Amino acid sequence: MSAVSPDALIPATAPEAADATPVRFVGPEAALDEAVQTWAGRMGFKGAPGDLLVVPDGAGGVHQVLVGTGKTFDPTSARGLAARLPEGLYRLELGGDDGSIASLAFLLGRYVFDRYKPGKARRDVRLVAPAGFDVAEALNIAAACALAREMVDTPPADMGPLQMETIAREIAEAHGAAIAVTTGDALLEDNYPAVHAVGRAAAPHRAPRVIEIGWNLDRTDRPLVALVGKGVAFDSGGLDIKSAAGMRNMKKDMGGAAHVLALGRLVMQAGLDVRLVVLVAAVENAISADAFRPGDVLQSRKGLTIEIGNTDAEGRLILADVLTRAGEHAPDLTLDYATLTGAARVALGPELPPLYTDDEALAADLLAAAKAVRDPLWRMPLWPGYRAAIDSDIADVRNDSAGWAQGGSITAALFLQKFAPTSGAWAHLDVFAWNSRGRPGHPEGGEAQGLRAAWAMLKARYTA
């Protein structure tokens with residue numbers, strides 16, 4: 001899945017690079033050659049953001065392409081070029097960090113989900129990388145983001161717990177990693193009761209499972225990184241059933257699993273100086289006579305009992321068990337990804353994922369990486385005053401917070417914190433994993449969020 005064409009980005013030293021068409025990023029006050037200025041005026045090009053002008057060479061070809069920047073240049077605007085440029089080979093007239101960011105953005109913008117339209121032609125728009133740019137790493141990053149997006153875009157009939165397991169097995173096998181999968185009623189035997197409870201109502205061929213990949217675990221001299229993902233293949237809401245509108249895009253509720261599988265693959269591809277554990281709880285939150293109920297009290301792997309106030313708050317239940325399992329490895333760092341709450345969207349909208357951590361160094365490193373690679377995150381508080389909102393009268397904790405707290409994303413993170421490893425730093429990313437509005441380079445559908453930021457942080461910390 002999600003291969004990125006190796007010739008989408010070619011090195012500056014490649015023989016054909018000399019024939020690439022230049023792409024210039026210009027603002028309203030840019031100095032242009034007289035002939036180009038005349039053509040720009042005739043075509044209404046003003047250098048505003050979103051403006052694009054193909055300048056002909058007079059012989060039926062393209063002399064150059066102008067891209068408007070407005071008053072402030074954003075190199076990530078290159079993400080829309082693959083969808084807008086005529087077919088051909090191009091060279092961005094950019095250097096330094098801008099050139100690197102724009103080149104990767106261009107690759108991200110080439111993503112197309114065409115699994116169900118196999119006859120749909122892909123446009124052949126390619127790019128010459130800036131001098132000194134790491135083409136191989138950029139292709140790996142783009143492929144990781146494409147994997148996460150393709151998994152999210154795939155309908156639930158074709159992306160159930162078994163398909164997530166298959167992808168995990170392919171990744172593990174490709175990198176010599178170990179993989180263990182616990183499925184169905186064996187979850188009770190292996191002490192994953194919350195995962196079993198959430199997934200038990202699904203059809204037998206969509207049975208719940210816990211997937212665990214281990215890489216380099218024999219290298220005990222290396223720090224251990226745990227990546228934990230929510231893999232709800234489809235979320236009906238359970239007995240607290242969602243509305244039709246609320247259910248429409250719930251194929252994306254396995255976005256956390258997609259992110260950690262993609263990020264784990266990046267770690268292994270690069271050979272980072274770590275031990276790695278990737279844990280995915282893969283379930284379908286279905287409705288049947290055996291579905292878990294509001295008012296039930298569930299056991300958890302950690303031994304804490306959980307009162308169910310709402311069966312549509314199922315993601316935190318399955319994460320509770322796999323976060324506990326992660327803690328059994330005594331990790332130095334744990335990152336969990338989950339499409340966890342609509343409240344996160346109310347707080348920050350669909351394009352800005354909240355980051356939760358009580359570790360100041362990790363927060364600083366993640367936010368710095370997010371800014372550097374233009375993969376935004378926003379730190380939210382693990383506000384202790386709201387902990388009482390998840391207290392239960394009959395169990396250790398409840399999965400729906402009391403209404404007085406209101407901050408649903410915060411209280412969900414506080415719930416996870418009760419189960420997170422205590423041996424090292426932990427961070428939770430409540431991602432949307434979806435583009436709600438289509439635009440060039442950002443088609444409506446699956447999106448990778450916080451993945452490049454986490455990769456940049458891990459690379460900075462653990463490159464040998």
Side-chain angles (χ1 to χ4, degrees), residues 3-27 30-33 36 47 49-55 57 61-111 123-146 266 269-270 368-376 440-442 448 451-453 455-460 463:
V4 174
S5 174
D7 66 349
L9 184 67
I10 67 171
T13 54
E16 63 265 43
D19 299 323
T21 300
V23 176
R24 293 181 59 195
F25 294 84
V26 299
L32 302 173
D33 294 343
V36 175
D51 284 357
L52 186 143
L53 178 66
V54 176
V55 181
D57 62 5
V62 179
H63 171 57
Q64 61 180 293
V65 176
L66 304 182
V67 178
T69 66
K71 294 182 179 180
T72 304
F73 173 52
D74 177 6
T76 65
S77 63
R79 185 162 167 165
L81 292 180
R84 301 183 66 196
L85 291 172
E87 291 194 352
L89 178 64
Y90 295 88
R91 179 184 68 253
L92 305 182
E93 298 291 287
L94 294 170
D97 289 343
D98 283 349
S100 298
I101 293 167
S103 297
L104 180 55
F106 169 84
L107 284 179
L108 297 176
R110 283 175 53 95
Y111 172 79
R123 301 174 69 254
D124 185 22
V125 179
R126 300 183 299 137
L127 190 67
V128 175
F133 185 68
D134 190 335
V135 173
E137 183 187 14
L139 290 169
N140 284 342
I141 294 171
C145 293
L266 270 175
Q269 284 173 331
K371 183 177 181 180
V373 301
R374 309 301 205 276
D375 187 18
H442 302 259
L451 195 160
R452 291 182 292 112
W455 165 243
M457 180 274 294
L458 292 172
K459 180 184 175 186
T463 300

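Nothing fancy with the numbering, it's 1 onward along the sequence. In this text, all values refer to a predicted model and were calculated from it rather than measured experimentally.
The line from CG of Leu81 to CG of Leu107 is 11.5 Å long, rounded to the nearest 0.5 Å. Here the OH-NE2 distance, from Tyr111 to His442, works out to 14.0 Å after rounding to the nearest 0.5 Å. Interatomic distance, CZ of Arg374 versus OG1 of Thr76, reported as 7.0 Å (0.5 Å rounding). Note that CD of Gln64 is 10.5 Å distant from CZ of Arg91, once rounded to the nearest 0.5 Å. Between Ser103 atom OG and Asp134 atom CG the span is 11.5 Å, to the nearest 0.5 Å. Atom-to-atom distance recorded for Leu85:CG and Arg126:CZ is 13.0 Å, nearest 0.5 angstrom.
In plain terms, the two heavy atoms of Asp124 and Glu87 that are nearest each other are N-OE2, 3.3 Å. Between Phe73 and Ser77, the closest heavy-atom pair is CE1-OG, 4.2 Å. Between Pro11 and Val128, the closest heavy-atom pair is O-CG1, 4.1 Å. Of all heavy-atom pairs between Pro130 and Ala12, the closest is C-CB, 4.3 Å. Residues Ala102 and Leu94 share a closest heavy-atom pair of CB-CD1, 3.7 Å. Nearest heavy-atom pair, Leu104 versus Ala138, reported as atom, atom and distance to 0.1 Å: CD1-O, 3.7 Å.
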Open item on the list: With side chain to side chain contact (heavy atoms under 4.5 Å, CB included) as the criterion, how do Leu66 and Val36 come out once you've worked through the C-alpha distance, each side chain's angles and the decisive distance to 0.1 Å?
Closed with: CA-CA 10 Å; Leu66 304 182; Val36 175; 3.8 Å; yes
| Full working for side chain to side chain contact (heavy atoms under 4.5 Å, CB included) between Leu127 and Leu92 | CA-CA 8 Å; Leu127 190 67; Leu92 305 182; 3.6 Å; yes
**Request:** Apply the test side chain to side chain contact (heavy atoms under 4.5 Å, CB included) to residues Leu451 and Ile141: give CA-CA distance (whole Å), side-chain angles for both, the deciding distance (0.1 Å), then the verdict.
**Result:** CA-CA 9 Å; Leu451 195 160; Ile141 294 171; 5.8 Å; no
Stepwise, does the side chain to side chain contact (heavy atoms under 4.5 Å, CB included) test hold for Trp455 with Asp375?
-> CA-CA 11 Å; Trp455 165 243; Asp375 187 18; over 6 Å; no
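Between the Arg79 side chain and the Gly441 main chain, a donor and an acceptor come within less than 3.5 Å of each other. Side-chain atoms of Arg84 come within 3.5 Å of backbone N or O of Gly50 as a donor-acceptor pair.
Atom CG of Asp7 has more than 12 heavy atoms from other residues, nucleotides or ligands within 6.0 Å.
In this structure, the side chains of Leu52 and Val54 come closer than 4.5 Å at one or more pairs of heavy atoms.
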